[in-house]
Structure formats: structure tokens, C-alpha cells
Number of protein chains: 2
Amino acid sequence: MPGVDDVFAALSDPTRREVLRSVAARPELTASRLAGELPITRQAVAKHLAALQKAGLVEPRREGRETKYTLTPAPLMDAMDWMAEVGAEWDVRLARLMERARG
Amino acid sequence: MPGVDDVFAALSDPTRREVLRSVAARPELTASRLAGELPITRQAVAKHLAALQKAGLVEPRREGRETKYTLTPAPLMDAMDWMAEVGAEWDVRLARLMERARG
DNA sequence: TTGATGTGCAACCTCCGAGTTGCGTATTTG
DNA sequence: CAAATACGCAACTCGGAGGTTGCACATCAA
């Protein structure tokens, strides 16, 4: 799935993860309000939110003159699935090694 | 956990994820052999392996003139924990999924 | 010993991303 | 209406990452 690429790319930046955490902590949040809590500009926050939206991790909702963002955690599961697959493939290899080691 | 930063950074690149998958698929793998399977140089593969090692996802083992790499999947769990926390803050169902996933 | 194979280090290039500033526009409020 | 607030778009800087080439060093095989 190509969506995993955007998810991991979105989570690769520490500031963006902090943005995601902040969105997750509240039912809804605007870019301006979040910029007031972080040491970066509102436009920087907007870019992070755009990246998170591209990954499907966040959803914007226009309300009058302000845009409120909400967490949509579904893509996180896809990323976790990817990691679980890698780990599972390793478990198989490990099991075979153990089997051969015991003879 | 500061290690989570390196893990997500390591997983952010598609080529590097492919490298990690290749390492996970075999019990051990060298940079040169992997470079023969990928459309990039051995040095590029070495850089990816270095990034994965920095994240604790891979472990090198010198054997004669070649360096074999092995998967160490533990940090993947830390990353999954991070995602589970974010999701849990939004929806408790994610945490329950994690519980079942880790057994 | 000689040649081939495997690795590591360093310089270099290119491109993308994080962050900034500036400006234009829509919406609320007085 | 005018002022303030919230947003979006565009241009710009700058540092880092992915990738390459080149070279030096170690190790195995003939």
C-alpha cells in the first residue's frame, strides 16, 4: 500500500509528531491556536497539518473563518501492520534457525 | 523515548524499508549482496544499513572480510507503542488492539 | 605473492523538506 | 464601513538526506 509511505514520512519529523499528539489530545484544534503553543510559525504548523492530512491522519473542517482539525487514526493501523509483517517474517526465520539448531 | 525518533526516521524512506524487509527475510545479509538486488550502489545500501543500525533495527556482525547484518526488531515495538498512545488518546480501541497484538 | 573480493571513509552533487516572511482574501466584530 | 482575526498561497533561505564516484585497506583464493 502506497499510503504507508505518507504515514511514515509524516511521522518522521519530531515537530510533526508533536503536532499530531496535540491534535489527538483535543477533540478539535486550529492551526493558529497550535502555533501559539509551539515555537514555530502558523504557516509551519499549517504545512505540518497538510502533511498529516496527506497521510490521512488528520481531517480539516471549515467552520466560519477558522479551520479545525480532527485526528483520523486509521492509517496508523496500516503502519503498524507493516511493522508487524516485518517482525513476523523475522519470527519465521528465527523459528527455523532454532529448529535447525536443535537438530 | 528518544529512540523513537531514529526509528521513524529510518522507516521514512521507501528504499530503506525495502532494505529492512530484505534483512528480515533472511537470517543474515551483506551490503554487497543486497546491492546486487537493488538498483542502488553498495555505498548507498551501507548508508541505509547505518541508519537502521542507529535506530537499533539491525545489528552488524563481522565475519572475515564481510559484514553480515541481522534484524533486531525490538525498536519496532517502541514505535508501535508511540502510535498506540496517540491512538489511545483519541480512541481506546487502539490500545485494546495493541494488547491483543502483543499477547 | 598476486589478484580478486568485500568493506570503510571522504568528497561531491542534487534535491527535498522545515521554517521563515510577505501579501492577498474571507470572515467576524465594533 | 473599518478594524481585527484567521486563513491560504507564493517566494525565499538553508541544512540535511539520498546517491554517486574515487580511493585505500583488509581478507580470501590461486
Side-chain angles (χ1 to χ4, degrees), chain A residues 2-23 26-71 75 79, chain B residues 2-23 26-71 75 79:
Chain A
V4 179
D5 200 304
D6 290 330
V7 175
F8 280 123
L11 296 179
S12 65
D13 183 63
T15 303
R16 193 154 44 227
R17 286 201 303 275
E18 183 64 29
V19 169
L20 187 64
R21 281 195 88 109
S22 301
V23 175
R26 301 167 180 80
E28 58 187 12
L29 193 53
T30 70
S32 296
R33 176 161 185 80
L34 190 48
E37 304 176 0
L38 296 180
I40 55 177
T41 320
R42 170 187 64 87
Q43 286 83 347
V45 177
K47 283 190 179 183
H48 286 304
L49 288 171
L52 292 172
Q53 180 184 355
K54 185 186 176 189
L57 289 169
V58 121
E59 196 184 32
R61 184 170 55 96
R62 194 72 192 237
E63 197 165 303
R65 67 177 160 184
E66 53 189 348
T67 302
K68 300 184 176 179
Y69 286 84
T70 306
L71 180 73
Chain B
V4 179
D5 200 302
D6 291 328
V7 175
F8 281 124
L11 296 179
S12 65
D13 183 63
T15 303
R16 193 155 45 228
R17 286 200 305 275
E18 184 63 28
V19 169
L20 187 64
R21 282 195 89 109
S22 300
V23 175
R26 301 166 179 82
E28 59 188 10
L29 193 53
T30 70
S32 296
R33 176 160 184 80
L34 191 48
E37 304 176 1
L38 296 180
I40 55 177
T41 320
R42 171 186 63 89
Q43 287 82 348
V45 176
K47 283 190 179 182
H48 285 304
L49 287 171
L52 292 172
Q53 180 183 356
K54 185 187 177 190
L57 289 169
V58 121
E59 195 184 31
R61 182 170 55 96
R62 193 73 190 240
E63 197 164 302
R65 67 178 159 181
E66 51 189 52
T67 303
K68 300 183 177 180
Y69 286 84
T70 308
L71 180 74

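Since the model is a prediction, treat every value here as computed from it, not as a measurement.
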Nearest-nucleotide wise, let me know which of A:Ser12 and A:Arg65 is further upstream toward the 5' end of DNA chain C.
-> A:Ser12
A:Glu63 or A:Ala51, whichever maps to the more 5' nucleotide of DNA chain C = A:Ala51
Just the rounded figure in Å: distance from [atom2] of [N] to [atom1] of [X].
X	N	atom1	atom2	answer
A:Leu49	D:dA6	CG	P	15 Å
A:Ile40	D:dC14	CD1	P	20 Å
A:Gln43	D:dT13	CD	C1'	15 Å
B:Arg16	D:dG16	CZ	C1'	12 Å

Check the pair A:Val23 / A:Leu49 against side-chain contact (heavy atoms from CB on, under 4.5 Å), numbers first and verdict last.
-> CA-CA 10 Å; A:Val23 175; A:Leu49 288 171; 4.2 Å; yes
Does any non-hydrogen side-chain atom of A:Glu66 lie less than 4.5 Å from one of A:Lys68?
->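 Yes, side chains in contact.
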Within 6.0 Å of CD in B:Glu59, more than 12 heavy atoms from elsewhere | no
Using a cut-off of strictly less than 4.0 Å, decide whether B:His48 has a side-chain nitrogen or oxygen near OP1 or OP2 of D:dG19.
->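 So the side-chain polar atoms of B:His48 do come within 4.0 Å of the phosphate oxygens OP1 or OP2 of D:dG19, strictly under.
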So, for A:Thr41 and A:Gln43, which heavy atoms are closest and what is the spacing to 0.1 Å?
->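 The pair with the smallest heavy-atom distance is CG2-OE1, 3.0 Å.
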Short side-chain to backbone donor-acceptor contact, B:Arg17 and B:Leu11, under 3.5 Å = yes
Provide the start and end nucleotides, 5' to 3', of the part of DNA chain C that has atoms under 4.0 Å from heavy atoms of chain B.
-> C:dA4 to C:dC9
Residue whose nearest DNA chain D nucleotide is more 5′ - A:Lys47 or A:Glu66 =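 Counting from the 5' end, the first nearest nucleotide belongs to A:Glu66.
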Would you classify B:Arg42 as touching base, sugar-phosphate or nothing, given that sugar-phosphate means primed atoms plus P, OP1 and OP2, and contacts are heavy atoms under 4.0 Å?
->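 Base contact - B:Arg42 has a heavy atom under 4.0 Å of at least one base atom.
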Check every strand shown and say whether A:Thr41 touches a base, only sugar-phosphate, or nothing at a heavy-atom separation below 4.0 Å.
->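 The residue A:Thr41 makes base contact.
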Could you tell me whether A:Arg61 and A:Glu63 make a salt bridge, using a distance below 4.0 angstrom between a side-chain N and a carboxylate O?
->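 Counted as a salt bridge, because a side-chain N and a carboxylate O are separated by less than 4.0 Å.
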